[in-house]
Amino acid sequence: MAQVQVQPQAPVSGASAVAANGGGVGQFPSTSLYVGDLETNVTDSQLFDLFSQVGHVLFVRVCRDMNTRRSLGYAYVNFGNPMDAMRALDVLNFTPLNNKPIRIMYSNRDPSARKSGTANIFIKNLDKAIDNKALQETFSAFGTILSCKVATDPSGQSKGYGFVQFDREEAAQNAIEGLNGMLLNDKQVYVGPFLRKHERENSFFKTKFNNVFVKNLSNSTTEEDLTRIFGEYGKMTSVVVMREADGKSKCFGFVNFENPDDAALAVQELNGKKFDDKEWFLGRAQKKAEREQELKVRFEQSMKETADKFQGANLYLKNLDDSIGDEKLKELFSVFGTITSYKVMRDPNGISRGSGFVAFSTPEEASRALSG
DNA sequence: TTTGAGCGA
């Protein structure tokens, strides 16, 4: 058999560091805090003095640009025990240093939670008197908060909106249900999921449209049927059922309304209704390119999710002997741990490309295989 | 009215 070369798909050192501290939430107690929103001139010793007030500080460092030595605006503070770290988070969060409130979180080097925006919510119409601490207190009733902030102008004045990110989607949902529309300091607040700018602007449901797409029609549904049913909602400019060359219905169609409000109402009222025992799906008609784009985005998203899942636990193998098949690969590597997937890459003729993948259930098992 | 930014040795 040819010599097998094994290399990690992602740096294994990074992956195991994540597993080791677990981000300070859940069952992994953490002693390492990330301190952000630092004013540029805040120093190590200022932080040391502040954090030493609540416990035994082992390590403090303001991170700086390698070349210019300018502060990057964040620091790490490590405590000797998790209780001190927890207390620091509780007591010192939002303490002003050089007149700017610091923001403390558990250190978590895995960026996926930060980037994904999961369990992240947006609050607006906040009374100006509600500061970071008040926001934190209000929302902590619903779960563990990873990060929380009231947006402020440079003078520190509240802009009347803010953000809370929870550790779990369920907590975020509960907070939205529990607080949206409630009075906080006599102002009715809006609480909803956080959306990035492009997500709001491109929001599928916000866009006005005239053309309605209907699918899951029965074979026998005709333009006349659609005209009769949709006619209830307003004046239409065209109605069509799409058909094969031989006239057989493709079971979907389009209804174009003169007035977008009528189109929206028709979708709202008729979506999910049953006709001839078929449950209709209605929506805004998308242009072909738009539809393809959406499918593409969805596909890329799911690719990314599987890539994240295998992060650190997936090994890329090359120089495999042609005689090694999927099962042999699994057999060879199962001595190092639990294999969750395995594959020898093959060309279209089924000939091994001499490379493949083995995924373990944990990054630790993968690194064992690397050194083994 | 108002939808951030963010992780080392």
Side-chain angles (χ1 to χ4, degrees), chain A residues 10-25 28 30-40 42 44 47 57-66 69-79 85 89 93-94 100-128 130-132 135-136 139 145-167 172 175-176 179-180 184 187-203 205-206 311:
Chain A
V12 164
S13 59
S16 52
V18 170
N21 84 25
V25 289
F28 301 98
S30 178
T31 54
S32 181
L33 298 178
Y34 168 95
V35 185
D37 290 0
L38 294 180
E39 193 273 335
T40 329
V42 169
D44 291 354
L47 289 167
V57 174
L58 297 183
F59 171 92
V60 174
R61 187 175 56 212
V62 173
C63 293
R64 294 177 182 281
D65 181 278
M66 266 217 297
R69 305 304 302 158
R70 279 173 58 94
S71 166
L72 294 174
Y74 65 89
Y76 292 97
V77 176
N78 296 346
F79 282 95
L89 223 169
N93 205 4
F94 311 120
K100 192 173 171 195
I102 63 174
R103 188 161 48 96
I104 312 174
M105 295 182 279
Y106 281 111
S107 168
N108 185 180
R109 294 168 79 174
D110 176 2
S112 56
R114 291 192 291 274
K115 280 195 287 196
S116 72
T118 348
N120 202 9
I121 64 178
F122 171 71
I123 304 106
K124 69 180 177 186
N125 205 27
L126 278 175
D127 187 271
K128 301 274 190 227
I130 294 176
D131 61 2
N132 288 312
L135 192 69
Q136 166 111 18
F139 282 83
I145 292 175
L146 299 185
S147 163
C148 162
K149 184 174 179 170
V150 173
T152 53
D153 65 21
S155 75
Q157 170 78 228
S158 165
K159 286 186 179 172
Y161 62 93
F163 313 89
V164 175
Q165 186 164 16
F166 288 97
D167 64 336
I176 290 170
L179 291 177
N180 185 33
L184 251 45
K187 287 192 78 167
Q188 191 179 27
V189 291
Y190 165 87
V191 183
F194 172 80
L195 298 173
R196 291 186 189 288
K197 199 169 186 188
H198 65 269
E199 291 173 309
R200 260 172 303 131
E201 282 169 357
N202 298 345
S203 171
F205 300 101
K206 227 176 117 174
Q311 183 75 257

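Chain letters run A, B, ... following the sequence lines, proteins first, then strands; residues in each count from 1.
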Quickly work out the [X] [atom1] to [N] [atom2] distance and round it to whole Å.
| X | N | atom1 | atom2 | answer |
| --- | --- | --- | --- | --- |
| A:Phe122 | B:dG4 | CZ | C1' | 11 Å |
| A:Met105 | B:dC7 | CE | P | 9 Å |
| A:Asn108 | B:dC7 | CG | C1' | 8 Å |
| A:Lys149 | B:dT2 | NZ | P | 19 Å |
| A:Tyr106 | B:dG8 | OH | C1' | 19 Å |
| A:Leu126 | B:dT1 | CG | P | 13 Å |
| A:Asn125 | B:dT1 | CG | C1' | 9 Å |
| A:Ile102 | B:dC7 | CD1 | C1' | 15 Å |

Centroid separation under 6.0 Å, is that true for the rings of A:Tyr34 and A:Tyr74? yes
Nearest-nucleotide 5' precedence on DNA chain B, A:Val77 against A:Lys187: A:Lys187
Of the listed nucleotides [options], the one nearest the side chain of [X]:
| X | options | answer |
| --- | --- | --- |
| A:Lys128 | B:dG8, B:dA5, B:dT1 | B:dT1 |
| A:Ser147 | B:dG6, B:dA9, B:dT3 | B:dG6 |
| A:Ser32 | B:dT3, B:dT1, B:dG8 | B:dG8 |

With syn meaning chi within 90° of zero and anything else anti, the base of B:dG6 is anti
Planes under 30° and centres closer than 5.5 Å, is that true for [X] with the base of [N]?
| X | N | answer |
| --- | --- | --- |
| A:Tyr161 | B:dT2 | no |
| A:Tyr74 | B:dG6 | no |
| A:Tyr76 | B:dG8 | yes |

Determine whether a donor-acceptor pair (N or O, by modelled atom type, separation under 3.5 Å) exists between the side chain of A:Gln165 and the backbone of A:Ala119. no
A:Phe94: which residues meet the ring-ring contact (aromatic ring centres under 6.0 Å, His included) condition with it, sequence neighbours left out? none
Give A:Asn78 one of three labels, base, sugar-phosphate or nothing, depending on what nucleic acid heavy atoms sit under 4.0 Å from its own. base
Heavy atoms under 4.0 Å, any strand shown: does A:Asn120 hit a base, just sugar-phosphate, or nothing? base
On a heavy-atom basis, which atom in A:Leu33 and which in A:Asn78 lie closest, and how many Å separate them? N-OD1, 4.1 Å
Enumerate donor-acceptor pairs with a distance under 3.5 Å from any side-chain N or O in residues 146-155 of chain A to protein atoms, sequence neighbours excluded.
from: A:Ser147; atom 1: OG; to: A:Arg103; atom 2: NH1; distance (Å): 2.9
from: A:Lys149; atom 1: NZ; to: A:Asp37; atom 2: OD2; distance (Å): 2.9
from: A:Asp153; atom 1: OD1; to: A:Ser155; atom 2: N; distance (Å): 3.0
from: A:Asp153; atom 1: OD1; to: A:Ser155; atom 2: OG; distance (Å): 2.7
from: A:Asp153; atom 1: OD1; to: A:Gly156; atom 2: N; distance (Å): 3.2
from: A:Asp153; atom 1: OD1; to: A:Gln157; atom 2: N; distance (Å): 3.0

Is there a side-chain polar atom (N or O) of A:Arg109 under 4.0 Å from OP1 or OP2 of B:dG8? yes
